[in-house]
There are 2 protein chains.
Amino acid sequence: MSNSKLYKGSLTTIILKLLNEHDKMYGYEITQKVKALTKGELKITEGALYPALHKLEAEGLLDVEVAKVDNRLRKYYKLTETGTKETVNKLEELAEYIKTMQALMNPKLA
Amino acid sequence: MSNSKLYKGSLTTIILKLLNEHDKMYGYEITQKVKALTKGELKITEGALYPALHKLEAEGLLDVEVAKVDNRLRKYYKLTETGTKETVNKLEELAEYIKTMQALMNPKLA
DNA sequence: AATATATACATAATTTTCTTATGTATAAGA
DNA sequence: TCTTATACATAAGAAAATTATGTATATATT
């Protein structure tokens with residue numbers, strides 16, 4: 001699982017943004033959602049996703065809730081209050097970064 | 001030197017793009033150009049820049065030419081033919097990535 | 001004259017953040 | 001039966017930064 005190079009640093013923003021919209025999601029669901037939304041362009045690897053989720057949880061941005069569905073384990077993650085605030089920051093940072101890159105790539109329009 | 005987080009993976013694209021426009025540039029000049037074009041938003045650290053330039057040279061994407069100006073050393077870099085081709089690819093990849101991220105961040109507009 | 005800042009290169013140690021490769025386990029489909 | 005999908009996890013390694021140094025010259029400031 002992996003395709004077009006994920007620019008390092010953007011995975012956290014993706015996770016937070018999805019959780020900001022969907023209230024609660026589990027890991028596998030996130031991988032599928034990203035795949036769907038990007039029409040297969042972006043594939044989140046498990047090796048990147050799970051450690052990222054654990055880190056966000058350790059930082060207090062996410063809460064976990066374990067559930068058993070169809071005899072299979074699911075770990076539902078949701079944003080904490082801090083996580084919601086941090087999501088705003090991350091989204092601003094990303095928007096800023098895209099603007100900055102566009103300024104570099106299209107200097108005439110600056 | 002460092003300010004807003006450089007999304008890892010984009011530095012090479014920035015270097016190639018600048019060299020595609022300016023024919024030849026030296027390292028320090030690149031740091032100043034990026035600073036100017038982004039109004040100080042993005043600051044390229046030397047610890048990132050010089051290894052990146054060396055790598056691009058080793059890969060055959062850049063040629064170097066050493067010059068002495070005001071008794072100070074300058075290493076002018078310019079794109080090779082391969083480098084020019086790779087620049088096109090990198091710019092496409094970046095544009096693609098920005099589109100992908102926008103699809104994720106703005107799912108309604110998709 | 002002394003000191004700080006700007007110019008110009010470089011590298012080493014460390015950190016962050018991925019990819020790749022595994023591993024476990026259940027359920028469903030071919 | 002075997003493969004694919006679902007669902008988690010971690011370890012090894014690579015890539016690409018940051019941070020901290022180091023060297024050296026030139027210019028501006030005190």
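Residue numbering restarts at 1 for every chain, and letters A, B, ... go by the order of the sequence lines. Heavy-atom basis, side chains included; hydrogens, waters and symmetry copies ignored. Just so we're clear, the structure is a prediction, and the values are computed from it rather than from any experiment.
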Using a cut-off of under 3.5 Å, enumerate the N/O to N/O pairs linking the protein to nucleotides 11-15 of chain C.
unit_1 : atom_1 : unit_2 : atom_2 : d
C/dT11 : OP2    : B/H54  : ND1    : 3.4

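- Applying the 4.0 Å criterion to OP1 and OP2 of D/dA24, one finds that B/N71 has every side-chain N and O outside that range.
- Side-chain atoms of A/L11 lie closest to C/dC18 of the nucleotides C/dC18, D/dC8, C/dC9.
- Each of A/L79 and A/V88 belongs to its own hydrophobic cluster when Ile, Leu, Val, Met, Phe, Trp and Tyr are linked at side-chain heavy-atom distances under 4.5 angstrom.
- B/T38 places no side-chain N or O within 3.5 Å of a backbone atom of A/T100 that could act as its donor or acceptor partner.
- A residue-by-residue look at B/K55 and A/E29 shows that A/E29 has its nearest nucleotide of DNA chain D further toward the 5' end.
- We find that OH of A/Y28 is positioned 16 Å from C1' of C/dT24, with the value rounded to whole Å.
- Rounded to the nearest 0.5 Å, atoms CD1 (B/I15) and OG1 (B/T87) are 10.5 Å apart.
- Within residues 16-27 of chain B, the residues that place at least one heavy atom under 4.0 Å from DNA chain C are, in residue-number order, B/Y26, B/G27.
- Taking atom NZ on B/K68 and atom P on D/dT25, their separation rounds to 8 Å, with Å as the unit.
- Rounding to whole angstrom units, CG of residue B/L53 and C1' of C/dC9 are separated by 11 Å.
- Between A/I44 atom CD1 and C/dC18 atom P the separation is 8 Å, expressed in whole Å.
- For the pair B/T80 (side chain) and B/G60 (backbone), a donor-acceptor distance under 3.5 Å is present.
- Residues meeting the ring pair (Phe, Tyr, Trp, His ring centres under 6.0 Å) test with A/Y76, sequence neighbours left out: A/Y26.
- Contact between the side-chain N/O atoms of B/R72 and the OP1/OP2 oxygens of D/dT25 is not found at any separation under 4.0 Å.
- A salt bridge links A/E59 with A/K55: the closest approach of a Lys/Arg side-chain nitrogen to an acidic carboxylate oxygen falls below 4.0 angstrom.
- Between A/K75 and D/dA9 there is a side-chain N or O to OP1 or OP2 distance below 4.0 Å.
- For the pair B/K35 NZ and C/dT5 P, the computed distance is 13 Å after rounding to whole Å.
- To the nearest angstrom, C1' of C/dT7 lies 8 Å from CZ of B/R74.
- The separation between A/Q32 atom CD and D/dA5 atom C1' is 9 Å, rounded to whole Å.
- No side-chain donor from either of B/Y97 and B/S10 sits under 3.5 Å from a side-chain acceptor of the other.
- In this structure, the side chain of B/K17 engages the main chain of A/M105 through a donor-acceptor pair within 3.5 Å.
- Under the side chain to side chain donor-acceptor pair (under 3.5 Å) rule, B/E86 has a single partner from B/T82, B/T84, B/N89, which is B/N89.
- Rounded to whole Å, atom P of C/dA8 lies 14 Å from atom OH of B/Y77.
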